[in-house]
Amino acid sequence: MRLLLLWLSVLYAWADEHEHTYNDREEVVLWMNTVGPYHNRQETYKYFSLPFCVGTKKSIGHYHETLGEALQGVELEFSGLNIQFKEDVMQATYCEIDLSKGKRDAFVYAIKNHYWYQMYIDDLPIWGIVGEADENGEDYYLWTYKKLEIGYNGNRIVDVNLTSEGKVKLVPNTKVQMSYSVKWKKSDVRFEDRFDKYLDPSFFQHRIHWFSIFNSFMMVIFLVGLVSMILMRTLRKDYARYSKEEEIDDMDRDLGDEYGWKQVHGDVFRPSSHPLIFSSLIGSGCQIFAVSLIVIIVAMIEDLYTERGSMLSTAIFVYAAISPVNGYFGGSLYARQGGRRWIKQMFIGAFLIPAMVCGTAFFINFIAIYYHASRAIPFGTMVAVCCICFFVILPLNLVGTILGRNLAGQPNFPCRVNAVPRPIPEKKW
């Protein structure tokens, strides 16, 4: 198994290494992604939902590379522009828009709402504005000229810049020519550093004070250890005394100077009134904590932000892979509380979080489909997510539940549980 994982990792690294290399005059694809209002980044639509025209080059089909890319609504469509590696293109018209009244109204609405669009070249994102209005808000203008400046280092693309020019007034029943140009320039930016310019320079330009972070971290560990040692030395005697008093009834015990938690020490480990839900919540919480920790560590080691949807894909994969954590902690706790319907608990623990997340997402998805938003999840992707839940998460959760019941299913509480529950005094609401 380890050899298989090692081979897959090497294969993935080799494929990623060769995916972004080009030969001279090799085709470079410009993908059009989404368009939407600048002030609401979550509201996105397909680029060609606006009446833009397509270039003359033959269309290329795009398939979602990852599950995260599909779930995040990435809808890449071929622009039709002819771009070749290291080949400059002077300003040239690639299509013409017959601006009817309906098309003009669509562009005017987009300009009023400050619509912007996103494109990709070699996985590098590019953003541009649709158009602008004059100061009085009476006339509206469309940017018709896309001026691309692409930087390369060796046989790789390391930088892309877009300048929008050619402001044309929107007048009904006219023709608007869309044009583009490509300028290639040599760059010293390394391929591994080509995403650095997309990061926030106001934060990343400063050096990280590792000594201060390490000093604070060690101080926190020291204080936590000190407080834990004091608590354990204080509580160890109480644990020993309570464990020896098996023959004394809790209602007849002389409490003396005991107060607070010491008065209910025999009830804290009593089985909850709803152990099935309680254990499922605990197991799901342990799984979410483990997923968050692993994803944070992977994000620190790998540059997940360089690939579309890689963060979401990693989170889904890790969540499914560590489903035994949910079954182990949830199943063992349910067994210690005397639960007998462990199969039902396993199903609830396995589907508690996916049902809530997927149910909410699918409900919102129907709204997105109604408004033709690009974030609408395809039906095939929804089926794939359901298959992951039934054929990956559920079996692994079953394995964890069985291990938890057999390895940690026996009660081993540090305090005994009283036979008679202590009455809780009523208080005003």
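Just so it is clear, the values below take in all heavy atoms, side chains as well, and ignore hydrogens, waters and symmetry mates.
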Check the angle between the aromatic planes of F85 and W184 and answer parallel, tilted or perpendicular using the 30° and 60° thresholds.
perpendicular

Please enumerate all residues that pass salt bridge (charged side-chain N to carboxylate O under 4.0 Å, His left out) together with [X], with sequence neighbours excluded.
X	result
E96	none
K185	E149
D24	K86

Taking S49 for its side chain and K46 for its backbone only, find out whether a donor-acceptor pair lies under 3.5 Å.
yes

Between the side chain of S279 and the main-chain N/O of P275, is any donor-acceptor distance below 3.5 Å?
yes

For residues 327-334, tabulate all N or O donor-acceptor pairs below 3.5 Å that involve a side-chain atom, not counting sequence neighbours.
residue, atom, partner, partner atom, Å
S332, OG, Y328, O, 2.7
S332, OG, F329, O, 3.1
Y334, OH, R341, N, 3.2

In this structure, CG of L281 is separated from CD1 of I353 (nearest 0.5 Å) by 7.5 Å

First locate atom CG of D159, then atom CD1 of I150, and finally report the distance between them rounded to the nearest 0.5 Å.
9.5 Å

Just to verify, what does I377 make a side-chain contact (heavy atoms from CB on, under 4.5 Å) with, not counting sequence neighbours?
L71, N365, T381, M382

Who passes side-chain contact (heavy atoms from CB on, under 4.5 Å) against F289, sequence neighbours left out?
none

So is K167 actually on top of Y141's ring, under 6.0 Å and inside 45° of the axis?
yes

Contacts satisfying salt bridge (Lys or Arg N to Asp or Glu O under 4.0 Å) that involve residues 105-116 (not counting sequence neighbours) are K101-D105

Can you list every pair that meets disulfide (SG to SG under 2.5 Å) and has a residue in residues 310-362, with sequence neighbours left out?
none

Decide yes or no for D188 and N153: does some side-chain heavy atom of the first lie under 4.5 Å from some side-chain heavy atom of the second?
no

With sequence neighbours left out, write down each residue that passes ring-ring contact (aromatic ring centres under 6.0 Å, His included) with [X], or none if nothing qualifies.
X	answer
F269	F413
F390	F351
H39	H114

Among all residues two or more places apart in sequence or in another chain, which pass the disulfide bond (SG atoms under 2.5 Å apart) test with C53?
C95

Using the side-chain hydrogen bond (donor to acceptor under 3.5 Å, both in side chains) definition, which of the options K197, K147, K183 pairs with N161?
K197

Could you go through D267 and V417, starting from their C-alpha distance and side-chain angles, then the distance that decides it, and tell me whether this counts as side-chain contact (heavy atoms from CB on, under 4.5 Å)?
CA-CA 6 Å; D267 296 298; V417 179; 5.7 Å; no

